[in-house]
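Counting starts at 1 for both ligands and their atoms, in listed order.
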Amino acid sequence: MAGSGTFAEIIDGDVFKYYAHGKWNKSSSGKSVPIINPTTRKTHFKVQACTQEEVNRAIESAKTAQKSWAKTPLWKRAELLHKAAAILKEHKAPIAECLVKEIAKPAKDAVTEVVRSGDLVSYCAEEGVRILGEGKFLVSDSFPGNERTKYCLTSKIPLGVVLAIPPFNYPVNLAVSKIAPALIAGNSIVLKPPTQGAVAALHMVHCFHLAGFPGDLISCVTGKGSEVGDFLTMHPGVNCISFTGGDTGIAISKKASMIPLQMELGGKDACIVLEDADLDLAAANIVKGGFSYSGQRCTAVKVALVMESVADTLVKKINDKVAKLTVGPPEKDCDITAVVTESSANFIEGLVMDAKQKGATFCQEYKREGNLIWPLLLDNVRPDMRIAWEEPFGPVLPVIRINSVEEGIHHCNASNFGLQGCVFTKDINKAMLISDAMETGTVQINSAPARGPDHFPFQGLKDSGIGSQGITNSINMMTKIKTTVINLPAPSYTMG
Ligand SMILES: NC(=O)c1ccc[n+]([C@@H]2O[C@H](COP(=O)([O-])OP(=O)(O)OC[C@H]3O[C@@H](n4cnc5c(N)ncnc54)[C@H](O)[C@@H]3O)[C@@H](O)[C@H]2O)c1
């Protein structure tokens, strides 16, 4: 159970401790932050409200710890990561329980998130050993005017302290997707988990503690993002920020100093359906893509752009599937569960009411109880409706009927987001042309957008992000290149 057994030391009374200096600590603030269960709307957990002084100490000690970690052999770093991955998977049940209570993630998906996270950590260790074990050797005579008098050796070195800020929807997976690449590359880590999801993240961090990483190398500071956020992101001791979330990331990018930033932000992933598409496949993917975890996924299908000639048939197929979605508590593994906060539910409702007022066709009746919103398909959505452009992050999906492929591409590209998109057609040539024309980081052909598998590159264009994630890209991003040049007194050409 959460906060008991192996995890008993991470809680004090009813408040979870924060992790720094290799141990679990109470904040001197004496204050805590409540975590509201989205289903019951009652406080379920509490975490420490860390002070700026505590955050400062965590960063300062991470700086020192990183220096010796960078001198730890790569195979040893990998070994510890493999150990942490195994411990994480062993304790999937209590961590998944936190995800169910804190973010109303359906029970089975919660377990999947933890297992996937363990796999990500292991893969990262293996990939790190492969790509960080290699450097480059260059000779000078390939550049005009040079003899072979210079040998250049390049290697990848760590950046220093990496600040990791994941969002609420995958607080474990999107934390380890930053922690593991940072650690294998020789960096230290300061994690600031989201408020909803903080307790799952603290349990995950305990698995790293149990694996035996050096004290001070990893810390996890809790508190409201709006209170400790700026202090963390503008701290001179931070050498890299890896952030996943919404528009907050744009604000952070403007405030951060001259350090590498990895930003994975919001999306308005479009699904273009052509006349020749397999409509059963498209409907299945639109429902899975649009409504999994109640639409609270960065890569959820957030607008369906459907050719008018197949729209009636497709909408009917989607509605038949929507009718089968179960709605209720995450403990019962329902498909649609309460959205994360009351303010999210209010925001979603605002988009729905705007669409209603402007004449969208409601395929189901709009229904809400507390944070629980029943799945809703809105047909005949037009570009003057907010839902055509904004990210609901909830179980509401707009359908815009289009009369040409160009119209679909135009709508997709007019968005300020550019995360992913997808196209359904049996014509691979057309699909490739559309993929090239869509201004998004990834285009899926004949499947819903998805972040995984976790070693695939994952990136957003425009307001959807900076840089590229995915295991290999994250490891590379969390390193810099160092070169040593050997200067010879006379040219030397290898004769074999
Ligand atoms: N592109 C991706 O990879 C990806 C993946 C998942 C979610 N998302 C996006 O995340 C959003 C939903 O997640 P969310 O509601 O947790 O996002 P959010 O931007 O509200 O919060 C993200 C994180 O930032 C922290 N934070 C808040 N204010 C801060 C500040 N001033 N300084 C530093 N940190 C601060 C939060 O505590 C949280 O940990 C959606 O827009 C979704 O599309 C993107």
Given that the side chain starts at C-beta and the backbone is N, CA, C, O, which of these parts of [X] lies under 4.0 Å from ligand 1, counting heavy atoms, or is it both or neither?
X    : result
V340 : neither
E391 : side chain
S464 : neither
T244 : both
L174 : side chain
F458 : side chain

Does an N or O from [X], backbone or side chain, lie closer than 3.5 Å to an N or O of ligand 1?
X    : value
T233 : no
G246 : yes
F243 : no
I165 : no

Taking the non-hydrogen atoms of K192, is any one of them nearer than 4.0 angstrom to ligand 1?
->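 Yes, that is the case, since the closest heavy atom of the residue is under 4.0 Å from the ligand.
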
So, do [X] and [Y] have ring centers that fall under 6.0 Å from each other?
X    : Y    : value
W389 : F417 : no
H206 : Y19  : no
F231 : H235 : yes

Face-on cation placement of K105 at Y293 ring, 6.0 Å and 45° thresholds = yes

So D354 and R386, salt bridge (Lys or Arg N to Asp or Glu O under 4.0 Å) or not? Walk me through it.
-> CA-CA 7 Å; D354 173 78; R386 285 175 57 203; 5.3 Å; no

Indicate yes or no: does K101 engage E331 in a salt bridge with an N to O separation below 4.0 Å.
->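 The answer is yes: the pair qualifies as a salt bridge.
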
May I ask you to say whether D454 pairs ionically with R116, meaning some side-chain N is under 4.0 Å from a carboxylate O?
->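 Yes, charged N to carboxylate O under 4.0 Å.
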
Out of curiosity, M438 CE to C422 SG, how far, rounded to the nearest 0.5 Å?
->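 Separation between the atoms: 7.0 Å.
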
Which one of S344, C298, S343 has a non-hydrogen atom at the shortest distance from atom 4 (C) of ligand 1?
->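 Comparing heavy atoms across S344, C298, S343, the nearest one to atom 4 (C) of ligand 1 lies in C298.
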
Closest to atom 21 (O) of ligand 1 (heavy atoms only, candidates T248, I252, T341) is T248

Taking atom 7 (C) of ligand 1 as the reference point, the nearest protein heavy atom with its distance | N169 ND2, 3.5 Å

Find all atoms of ligand 1 within a distance of less than 4.0 Å from any non-hydrogen atom belonging to P194, and give their numbers and elements.
-> 37 (O), 38 (C), 39 (O)

Who passes side-chain hydrogen bond (donor to acceptor under 3.5 Å, both in side chains) against S122, sequence neighbours left out?
-> none

